[in-house]
Number of protein chains: 2
Amino acid sequence: MGTNMKETINDVSIDLFYEKGYFATSVSEIAKRCGIQKASIYYYYSSKEHILYNIHKTTLDDLTDYLKQGVAAADDVEAQLRNAVRNHVHFHLTRQKETFIANSELRGLTEDHYQNIVAKRDEYERMVQQIISNGCKQAIFAKEDVKILSYAILTLCTSGAIWFKPNGRLSVDDIAGIYEKFVIRGLKDGGGVKIFSQTPASEP
Amino acid sequence: MGTNMKETINDVSIDLFYEKGYFATSVSEIAKRCGIQKASIYYYYSSKEHILYNIHKTTLDDLTDYLKQGVAAADDVEAQLRNAVRNHVHFHLTRQKETFIANSELRGLTEDHYQNIVAKRDEYERMVQQIISNGCKQAIFAKEDVKILSYAILTLCTSGAIWFKPNGRLSVDDIAGIYEKFVIRGLKDGGGVKIFSQTPASEP
DNA sequence: GTCTATAGGAGGATAGAC
DNA sequence: GTCTATCCTCCTATAGAC
């Protein structure tokens, strides 16, 4: 819980939006859990949507900073991607509720705020795509469609936010390690791995 | 559009839940797009939640049938997983709206319906995990945590439902092929691929 | 089957006192 | 800053006519 009421509203909203979803959460519920009346919420935020926007913005800005930090700490392309994957997973598992909201509650935003957030997200994706693209040029990674793979990799790493349990069988670092290996293997054209050993599945 | 009103309600609801989300969609809107009054909706469904449940159930049952069909058509473990991946991707891209809803609107279900759907989903996941697990036992795939990888693989293949555009640059088969390769490479311990060539990223 | 009418409640947001 | 009181809109669902 935050030390002042605005932080408390943020924390409570993150909990509720995560548990029930943005539309299913009412301002009264947020107020109740904060121990104030719903009218008092409007002293801090002019609308429920502004609370949501604030969560999106903070989460995405922090995630982007974390990616930049990881990339800057690496010398070559492979290390950059390893760090990008590790940091992406790490962020999504340690700030699970916020990232879950950021990934699932875009439709609650006003048009302006939506455009703003999507632009930030695109920028983040482009940075990751640039790393993969460099790896392909340097023949470190197999030549494939970079955009499609970047979506796949990011979604894969994001998915932990859905099922991860902080006190479960595996630690955040364990999972980050598993995904790092899987992604690097998937991108490299490992010597001797036959790519089509079988006729493709029938497609009705 | 369906040929009778019940099918029309289903189709319209899928469109609206996909566009705006379940909670943000009202029964009046569904009725309006169907060309009837909202009261008439209740002649076909006893509640809005029943419409949602029907979408979940149909989608998940069809997906499970499609997986079984793909697995049955394969001789060895690797082919089974290739077919599982292809079929999963194929289904999610061709029935994009329904799978998007099935993956994002679980919270709209009543407790009973929720349990019912989650049980079906778990059964589907177990079938995929069984294939991966068999592959590990037969040393076709590298030994790793099967559950974590299965989540990763399924989420990755599901992700297409979010961004895929039917008339875009790549066809459904193109994308299924890219993901099939990526997943099989990621699971195999390709000869000569160094797994830790670099110190891991710093983790604050 | 589809309609009109309405019950009955909950929602977001504001006004103005303290 | 926080409260009480209230506005107005929209919602899901039902009743009963045609």
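So you know, we letter chains A, B, ... as the sequences are listed, proteins then strands, and number each from 1.
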Inset, instruction - By nearest nucleotide on DNA chain C, pick out whichever of A/Lys38 and B/Gly35 is the more 5' one. - result: B/Gly35

Inset, instruction - Go through DNA chain C in 5' to 3' direction and return only the first and the last nucleotide with some atom under 4.0 Å of chain A's heavy atoms. - result: C/dG11 to C/dA15

Legend entry - Donor-acceptor side-chain pairing of B/Gln130 and B/Asn134 below 3.5 angstrom: yes

Inset, instruction - Would you sort out whether A/Ser171 and A/Asp174 count as a side chain to side chain donor-acceptor pair (under 3.5 Å), showing the intermediate values? - result: CA-CA 5 Å; A/Ser171 72; A/Asp174 290 338; 3.2 Å; yes

Inset, instruction - Enumerate the residues from residues 43-55 of chain B whose closest heavy atom to DNA chain C is under 4.0 Å, giving them by residue number; use none for an empty result. - result: B/Tyr43, B/Tyr44

Legend entry - Validation row, ring centre A/Tyr124 to ring centre A/His88 under 6.0 Å: yes

Inset, instruction - Classify the angle between the aromatic ring planes of A/Phe91 and A/Tyr66 as parallel (below 30°), tilted (30 to 60°) or perpendicular (above 60°). - result: tilted

Inset, instruction - Fit a plane to each ring of A/Tyr151 and B/Trp163, take the angle between them on a 0 to 90° scale, and name the class: parallel (under 30°), tilted (30 to 60°) or perpendicular (over 60°). - result: tilted

Inset, instruction - Ignoring backbone atoms, test whether B/Ser26 places a side-chain nitrogen or oxygen under 4.0 Å from the OP1 or OP2 oxygen of D/dC11. - result: yes

Legend entry - is_close_aromatic(A/His56, A/Phe17), centroid dist under 6.0 Å: no

Inset, instruction - Specify the closest pair of heavy atoms between A/Val12 and A/Arg33, including all atoms of both residues, with the distance to one decimal. - result: CG1-CB, 3.6 Å

Legend entry - Sugar-phosphate only, base, or nothing, as touched by B/Ser40 at under 4.0 Å among non-hydrogen atoms: base

Legend entry - Non-neighbouring partners of B/Tyr44 that pass side-chain contact (heavy atoms from CB on, under 4.5 Å), sequence neighbours left out: B/Met5, B/Lys6, B/Ile9

